[in-house]
Protein chains: 2
Amino acid sequence: MVTNLKHKDALLTLQKAGISKTSQRLAVLNILLKATTPLSVNTIRQSLGTKANIDKVTIYRILSLFRQRGIIREIASVGGANYFEMATLENPLHPHFSCRNCGAFTCLAPLPFTQAPELILSKNDYSIDHIEINISGLCACCRNSTKTQKTMI
Amino acid sequence: MVTNLKHKDALLTLQKAGISKTSQRLAVLNILLKATTPLSVNTIRQSLGTKANIDKVTIYRILSLFRQRGIIREIASVGGANYFEMATLENPLHPHFSCRNCGAFTCLAPLPFTQAPELILSKNDYSIDHIEINISGLCACCRNSTKTQKTMI
DNA sequence: ATAATTGTTGCAACTCGGTTGCATTTTTGA
DNA sequence: TCAAAAATGCAACCGAGTTGCAACAATTAT
Ligand SMILES: [Mn+2]
Ligand SMILES: [Mn+2]
Ligand SMILES: [Zn+2]
Ligand SMILES: [Zn+2]
């Protein structure tokens with residue numbers, strides 16, 4: 001869903017977030033920028049290929065940093081692996097569809113909640129067996145103890 | 001959110017699903033029946049305690065069977081562990097809140113989509129940093145190949 | 001009643017996603 | 001250019017979940 005993005009966007013993203021630019025971070029960011037679906041770490045590693053042989057620990061650390069700075073979103077899956085996608089203004093928060101059979105993740109159009117029922121019913125090319133709505137953040141009892149980490153919806 | 005449930009409900013649930021009753025399945029089911037939040041496998045194991053020492057593999061197999069038969073729902077989390085809750089008529093599909101700090105899962109009230117924005121804004125005892133809406137099922141290409149497994153929303 | 005079959009459990013070993021500690025390399029900034 | 005700080009790579013580790021197989025329990029056939 002992220003379109004019309006050029007190579008220079010990766011550098012801009014990093015320096016706007018106040019993150020030092022390294023070849024590894026730029027490589028990972030470029031893959032996320034041109035992706036049209038959320039990516040797992042394994043997919044990112046495969047996309048990097050042998051040309052840029054980045055250690056998996058480095059990838060996890062980069063993704064963790066990007067998520068903390070609000071550059072990317074992290075999406076959970078019942079399969080255990082997490083998925084990542086850009087969290088830009090052009091790519092606002094939206095539902096996802098994951099196939100029970102092949103595990104493929106696809107992005108659904110962002111929509112106001114009031115339009116949700118119609119969208120779900122109109123998606124007759126999917127067979128829906130589970131709708132998951134998870135809201136995460138800080139609960140009341142934890143809110144007072146931790147005063148760090150800004151909200152990044 | 002499951003209330004007014006007695007010991008006999010576990011047996012009824014099993015025989016209604018056409019599943020043979022064993023002491024292990026009844027023990028796991030009773031824990032899920034009296035739970036007020038989604039439970040992880042570890043929490044279930046701790047609840048079972050030493051009185052009914054069930055192997056973790058057995059618990060996973062029981063939960064997998066229950067999910068296939070539509071007895072329980074499975075909820076993904078970014079932490080890696082999955083959570084389980086009853087999927088009864090009295091406990092319809094609903095959003096969940098998971099705390100970024102302590103990881104606690106709580107059930108939110110089931111609601112039509114049109115009421116979602118108000119609910120989220122009214123929940124000022126939580127600090128929301130992520131709303132996740134995941135729809136899972138079969139994609140178009142997989143729908144034709146696999147004709148098994150009924151829908152269990 | 002007994003034997004054969006089927007289904008369920010337990011144990012061990014394993015896979016896979018992700019993390020931690022530490023030494024080495026790279027980036028930054030004076 | 002050079003030192004301090006940050007980032008990477010490697011190895012070893014951890015936790016969630018799975019697989020294979022033997023032991024056990026419950027059904028069914030003889
Ligand atoms: Mn998406
Ligand atoms: Mn719930
Ligand atoms: Zn598919
Ligand atoms: Zn909390």
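Convention: sequence-line order gives letters A, B, ...; per-chain numbering from 1.
Looking at residues two or more places apart in sequence or on another chain, you find no side-chain hydrogen bond (donor to acceptor under 3.5 Å, both in side chains) involving A:Gln24. Among residues two or more places apart in sequence or in another chain, the side-chain hydrogen bond (donor to acceptor under 3.5 Å, both in side chains) test is passed with A:Thr22 by none. Residues passing the side chain to side chain contact (heavy atoms under 4.5 Å, CB included) test with B:Ala87 are B:Arg73, sequence neighbours excluded. Here B:Thr43 pairs with B:Ser40 under the side-chain hydrogen bond (donor to acceptor under 3.5 Å, both in side chains) rule; sequence neighbours left out. Listed by chain and residue number, A:Arg45, A:Ile59, A:Tyr60, A:Leu63, A:Phe84 satisfy the side chain to side chain contact (heavy atoms under 4.5 Å, CB included) test with A:Val41 (two or more places apart in sequence, or in another chain). A search for side chain to side chain contact (heavy atoms under 4.5 Å, CB included) contacts involving B:Leu12 returns B:Asp9, B:Gln15, not counting sequence neighbours. Scanning for side-chain hydrogen bond (donor to acceptor under 3.5 Å, both in side chains) contacts around B:Ser20 gives B:Arg25, with sequence neighbours left out.
Rounding to whole angstrom units, CZ of residue B:Phe66 and C1' of C:dT8 are separated by 13 Å. For the pair B:Arg25 CZ and C:dT8 C1', the interatomic distance rounds to 7 Å; values are reported in whole Å. The separation between A:Asp55 atom CG and C:dT24 atom C1' is 13 Å, rounded to whole Å. Straight-line distance from the CZ atom of A:Arg61 to the C1' atom of C:dT25: 13 Å, rounded to whole Å. Distance CD (A:Glu74) to C1' (C:dT19): 13 Å, rounded to an integer number of Å.
Contact annotation: the side chain of A:Glu85 approaches that of A:His94 to within less than 4.5 Å [non-hydrogen atoms, C-beta and beyond]. In this structure, B:Pro38 and B:Cys107 have side chains that are in contact, with non-hydrogen atoms separated by less than 4.5 Å.
Chain A approaches DNA chain D within less than 4.0 angstrom (heavy atoms of the protein), and the contacting nucleotides run 5' to 3' from D:dA7 to D:dA11.
Counting distance only, with no hydrogens placed and no angle test, the side-chain atoms of A:Lys56 and the base atoms of C:dG18 include a donor-acceptor pair under 3.5 Å.
A sub-4.0 Å separation between OP1 or OP2 of C:dT19 and a side-chain N or O of A:Tyr60 is absent. For A:Asn82, no side-chain nitrogen or oxygen approaches OP1 or OP2 of C:dG17 to under 4.0 Å.
Only at 4.0 angstrom or more do the heavy atoms of residues 39-47 of chain B sit from any atom of DNA chain C, so none qualifies.
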Collect all protein-nucleotide pairs involving nucleotides 26-30 of chain C in which both atoms are nitrogen or oxygen and the distance is under 3.5 Å.
none

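Proximity of a side-chain donor or acceptor of B:Asn82 to a complementary backbone N or O of A:Val78 within less than 3.5 Å is detected.
Nearer the 5' end of DNA chain C, as judged by each residue's closest nucleotide, is the contact made by B:Val57, out of B:Val57 and A:Val57.
Using a 4.5 Å cut-off between side-chain heavy atoms of Ile, Leu, Val, Met, Phe, Trp and Tyr, A:Phe105 falls into a hydrophobic cluster with A:Ile75, A:Tyr83.
Between the CD1 atom of B:Ile54 and the CG atom of B:Leu48 there is a distance of 4.5 Å, given to the nearest 0.5 Å. Here CD1 of B:Ile19 is found 9.5 Å from OG1 of B:Thr13. Values are rounded to the nearest 0.5 Å. Expressed to the nearest 0.5 Å, how far CZ of A:Arg69 lies from CD1 of A:Ile72 amounts to 12.5 Å.
In the helix from C:dA1-D:dT30 to C:dA30-D:dT1, the rotation axis of the first five pairs and that of the last five pairs differ in direction by 20°, rounded to 10 degrees.
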